[in-house]
Amino acid sequence: MKLKNKLTKETLELSYQEFCKKFSNEIQVAFENYKQTAIAKIIIRQKFRLKNSLLKNVEKEIEIRRKDLFHFTILCAILL
């Protein structure tokens with residue numbers, strides 16, 4: 001197997017077993033970093049969705065209370 005570094009133009013001639021021995025740790029670290037990044041993106045997305053749904057619920061509650069207050073003020077005006 002030939003590996004060529006695009007930046008340094010360096011070429012390595014390795015067998016598959018040598019490749020696995022030499023780069024297994026780097027591949028594992030890269031995969032773990034990728035996995036952590038993917039998990040972080042999912043968590044951020046879920047937090048954003050939760051925040052938006054909570055905001056919508058709060059806005060609905062505010063609107064309901066505003067209507068109740070409006071009806072209460074009309075009732076008070078009628079009674080006075």
Side-chain angles (χ1 to χ4, degrees):
M1 170 185 297
K2 286 186 179 182
L3 298 174
K4 187 171 184 179
N5 187 331
K6 291 182 180 179
L7 295 176
T8 62
K9 308 293 185 203
E10 193 177 327
T11 304
L12 288 176
E13 185 82 36
L14 299 172
S15 68
Y16 182 73
Q17 289 79 17
E18 291 171 335
F19 171 78
C20 288
K21 286 179 187 175
K22 189 165 187 164
F23 294 106
S24 66
N25 191 34
E26 286 90 350
I27 291 170
Q28 190 172 7
V29 168
F31 177 71
E32 288 297 322
N33 289 338
Y34 169 77
K35 194 166 68 170
Q36 291 295 333
T37 303
I39 290 170
K41 284 181 181 179
I42 290 170
I43 291 171
I44 289 169
R45 196 176 309 131
Q46 292 297 331
K47 284 183 179 179
F48 182 74
R49 286 180 184 161
L50 178 64
K51 182 180 175 184
N52 282 344
S53 68
L54 289 175
L55 283 175
K56 287 178 184 176
N57 290 341
V58 167
E59 288 171 353
K60 287 179 185 175
E61 188 66 29
I62 289 172
E63 188 61 32
I64 290 169
R65 293 193 183 208
R66 188 176 295 143
K67 287 180 183 176
D68 288 345
L69 181 62
F70 177 73
H71 292 300
F72 179 73
T73 54
I74 289 176
L75 183 62
C76 289
I78 291 172
L79 293 175
L80 294 177

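Nothing here was measured: the structure is a model prediction, and the numbers come from that model.
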How far does NZ of Lys22 sit from CG of Leu12, to the nearest 0.5 angstrom? 5.0 Å
Sequence neighbours excluded - side chain to side chain donor-acceptor pair (under 3.5 Å) pairs with any residue from residues 24-33: none
To the nearest 0.5 Å, what is the distance between NZ on Lys4 and NZ on Lys9? 6.0 Å
Same hydrophobic cluster for Val29 and Phe31, using side-chain heavy-atom links shorter than 4.5 Å among ILVMFWY? no
Nearest 0.5 angstrom please: Lys21 NZ to Leu14 CG, how far? 11.5 Å
Ile42 with Tyr34, same ILVMFWY side-chain cluster at under 4.5 Å: no
Of all pairs that satisfy side chain to side chain donor-acceptor pair (under 3.5 Å), the ones with a partner from residues 59-70, not counting sequence neighbours: Glu61-Arg65, Glu63-Arg66
How many angstroms lie between atom CD1 of Ile44 and atom CD1 of Ile39, to the nearest 0.5 angstrom? 12.0 Å
Report the distance from atom OG1 of Thr8 to atom NZ of Lys6, rounding to the nearest 0.5 Å. 12.5 Å
Rounded distance (nearest 0.5 Å) linking atom CD of Glu13 with atom CZ of Phe19: 13.5 Å
Using a 4.5 Å cut-off between side-chain heavy atoms of Ile, Leu, Val, Met, Phe, Trp and Tyr, which other residues end up in the same hydrophobic cluster as Leu54? Leu50
